[in-house]
Amino acid sequence: MNPTPPLEAQDRPARLTVGVVGAGRVGPALAAALKLAGHRPIAVSGVSDASVRRAAELLPDVPLVTPAEVLARADLVLLTVPDDALADLVTGLAETGAVRPGQLLVHTSGRYGTAVLDPATRAGALPLALHPAMTFTGTSVDVQRLAGCSFGVTAPEELRMAAEALVIEMGGEPEWIAESARPLYHAALAIGANHLVTLVAQSMELLADAGVRAPDRMLGPLLGAALDNALRSGDAALTGPVARGDAGTVAAHVAELRRHSPQSVAGYLAMARTTADRALAHGLLKPELAEDLLGVLADAGNGPGTAARPAPGPAAPGTGPATPGSPESPESQDSPDGRDHAPDGPDPDHGPDTPDHGPEGGDR
């Protein structure tokens, strides 16, 4: 990847006063990054104890005020609230006259482009959607992680340069996302980031049940290599019993999971079917082995009372590679992220955020 060229002076946004509405895991980190670039955080809103702590750590000496007061003080306002709270927040701010003409209004939701900001845009605000494809912890480490982080950027054409400049000043790399593509973009990040956490946590639990004393140390090198290979080679990096067509091994896996972790079976089968589809489509899985494998997966999916095949056998009539839209080929849908989206309450870890990414009026 080519490094982003340095900004010329005429491309840099003027030094701005910055406000944050929703002191979840994302907003204070972005404001702190903007401070390092020379902008001046001046106000933040947040009510929960966790929000107050985050603001104090990442934005010391910045006063906690109401959302309306944040907009009254700041040239650039970060709306870092949960996706489901964003539209109502924007409408409320616009209807109460809190939005000022010429004010930059930035949200960090992966799901939305700038259309969700339309009520504020009609009041004269300048709308930007800047979504960091990163998970957030709510600590100072997040500011460091922004270095090289991709941001999904959506903005009117006349504001594109300003949007991209702000991302670069935070240490990120802008990636232009069309308004209509935002939900698909966000779903892709959720599959990669949110579901990865679930898979890793589940794998560690099963290894512990198998007697492994340090599941994290065992998985670290393996998963690091798998991720690196996948990013470099895509489907060509597929390995393991499903990609090889080892139906007997897969049947043994399902039998063990039924005994020790029945709640894991559905996820295992769904991922195995998807892996088989992709391995077959890319020529890694031989069609004759795919028939046996998919037969095992079909049998295993019939419920706890159905015994999985102990070894590969003749394929059932009509069994074959799944096609898109079939029960054997579940298709993804939507969130990144790793953001805190709870409105001034408990602080759930949201992605892509992840980066719901993820990201996050309530606190994101």
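Contact between Val296 and Ala247 at its shortest, heavy atoms only, is CG2-CB, 3.8 Å. Among all heavy-atom pairs drawn from Glu169 and Arg15, the shortest one is OE2-NH2, 2.8 Å. Of all heavy-atom pairs between Ala290 and Leu285, the closest is CB-CD2, 3.7 Å. Closest heavy-atom contact between Leu146 and Ala33: CD1-CB, 3.7 Å. Taking every heavy atom of both residues into account, Gly138 and Leu58 meet most closely at O-CD1, 4.2 Å. Of all heavy-atom pairs between Ala55 and Leu64, the closest is CB-CD2, 4.3 Å.
Its side chain within the 4.5 Å cluster rule, Leu219 clusters with Leu196, Val200, Met204, Leu207, Val212, Met218, Leu222, Leu223 among the Ile, Leu, Val, Met, Phe, Trp and Tyr residues.
Within the 4.5 Å cutoff, side-chain heavy atoms of Leu280 are placed close to those of Pro287. In this structure the side chain of Gln263 reaches within 4.5 angstrom of the side chain of Ser261, judged on heavy atoms. The side-chain heavy atoms of Glu175 and Ile177, taken from C-beta on, include a pair separated by under 4.5 Å. Between Pro41 and Val20, every side-chain heavy-atom pair lies at or beyond the 4.5 Å cut-off. For the pair Thr108 and Pro132, the minimum side-chain heavy-atom distance is below 4.5 Å. Looking at Leu104 and Leu16, their side chains come closer than 4.5 Å, going by heavy atoms from C-beta outward. The side-chain heavy atoms of Leu34 and Met170, taken from C-beta on, include a pair separated by under 4.5 Å. When side chains are defined from C-beta on, Phe151 does not count as touching Pro174, because their heavy atoms never get closer than 4.5 Å.
Ion pairing between a basic and an acidic side chain is recognised when a charged N comes within 4.0 Å of a carboxylate O; Asp49 and Arg54 show no such pairing.
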Check against side chain to side chain contact (heavy atoms under 4.5 Å, CB included), Leu86 and Leu79: CA-CA 8 Å; Leu86 182 58; Leu79 301 179; 4.1 Å; yes

Intermediate values then yes/no, side chain to side chain contact (heavy atoms under 4.5 Å, CB included), Arg25 and Thr139: CA-CA 8 Å; Arg25 301 183 187 189; Thr139 66; over 6 Å; no

Val143 vs Leu36, side chain to side chain contact (heavy atoms under 4.5 Å, CB included): CA-CA, chis, key distance, verdict: CA-CA 10 Å; Val143 181; Leu36 292 175; 3.8 Å; yes

Side chain to side chain contact (heavy atoms under 4.5 Å, CB included) assessment of Leu30 paired with Val26: CA-CA 6 Å; Leu30 297 188; Val26 177; 3.7 Å; yes

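Looking at residues two or more places apart in sequence or on another chain, you find no side chain to side chain contact (heavy atoms under 4.5 Å, CB included) involving Ala281. Remark: Lys286 pairs with Glu288, Leu289 by the side chain to side chain contact (heavy atoms under 4.5 Å, CB included) rule, at least two apart or across chains. By the salt bridge (charged side-chain N to carboxylate O under 4.0 Å, His left out) test, Arg73 is found to be paired with Glu69, residues two or more places apart in sequence or in another chain being considered. A search for side chain to side chain contact (heavy atoms under 4.5 Å, CB included) contacts involving Ala163 returns Leu128, Leu130, Val153, Ala155, not counting sequence neighbours. Applying the ring-ring contact (aromatic ring centres under 6.0 Å, His included) criterion to Tyr185, with sequence neighbours excluded, gives His131. In this view, Ala129 and His107, Thr114, Thr154, Arg182 satisfy the side chain to side chain contact (heavy atoms under 4.5 Å, CB included) rule, not counting sequence neighbours. Residues passing the side-chain hydrogen bond (donor to acceptor under 3.5 Å, both in side chains) test with Thr17, sequence neighbours excluded: Asp75.
Between the side chains of Glu205 and Ser203, no donor-acceptor pair of N or O atoms lies under 3.5 Å.
Residues Val52 and Val62 share a single hydrophobic cluster, defined by chaining ILVMFWY side chains whose heavy atoms lie under 4.5 Å apart. In the hydrophobic clustering of ILVMFWY residues, with side-chain heavy atoms under 4.5 Å counting as a link, Trp176 and Leu166 come out together.
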Sequence neighbours left out, cut at 3.5 Å: what donor-acceptor pairs do the side chains of residues 92-99 make with other protein atoms?
from, atom 1, to, atom 2, distance (Å)
Thr96, OG1, Gly92, O, 2.9
Thr96, OG1, Leu93, O, 3.2

Just distance, no hydrogens or angles: give the donor-acceptor pairs under 3.5 Å from side chains in residues 230-240, sequence neighbours left out.
from, atom 1, to, atom 2, distance (Å)
Arg232, NE, Asp228, OD1, 3.1
Arg232, NE, Asp228, OD2, 2.8
Asp235, OD1, Arg278, NE, 2.8
Asp235, OD2, Arg278, NE, 3.4
Asp235, OD2, Arg278, NH2, 2.9
Asp235, OD2, His282, NE2, 3.2

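Rounding to the nearest 0.5 Å gives a distance of 10.5 Å between OG1 of Thr274 and CG of Leu269. Note that CG of Asp118 is 9.5 Å distant from OG1 of Thr91, once rounded to the nearest 0.5 Å. One distance of note links CG of Leu76 with CG of Leu78; it measures 5.0 Å at 0.5 Å rounding. In this structure, OH on Tyr112 lies 11.0 Å from CD on Glu179, to the nearest 0.5 angstrom.
Distance alone, capped at 3.5 Å, is enough to place a donor-acceptor pair between the Ser45 side chain and the Gly22 backbone. A side-chain donor-acceptor contact under 3.5 Å links Arg100 to the backbone of Leu71. A donor-acceptor contact shorter than 3.5 Å is absent between the side chain of Arg40 and the backbone of Val18. Side-chain atoms of Asp142 come within 3.5 Å of backbone atoms of Thr137 as a donor-acceptor pair (strictly under, hydrogens ignored). No side-chain donor-acceptor contact under 3.5 Å links Gln202 to the backbone of Ser264.
A side-chain contact (heavy atoms from CB on, under 4.5 Å) with Leu126 holds for exactly one of Leu105, Val106, Leu159, Thr121; it is Leu159.
Counting only residues at least two apart or on different chains, the salt bridge (charged side-chain N to carboxylate O under 4.0 Å, His left out) pairs with a member in residues 143-161 are Arg160-Glu164. Counting only residues at least two apart or on different chains, no side chain to side chain donor-acceptor pair (under 3.5 Å) pair has a member in residues 56-67.
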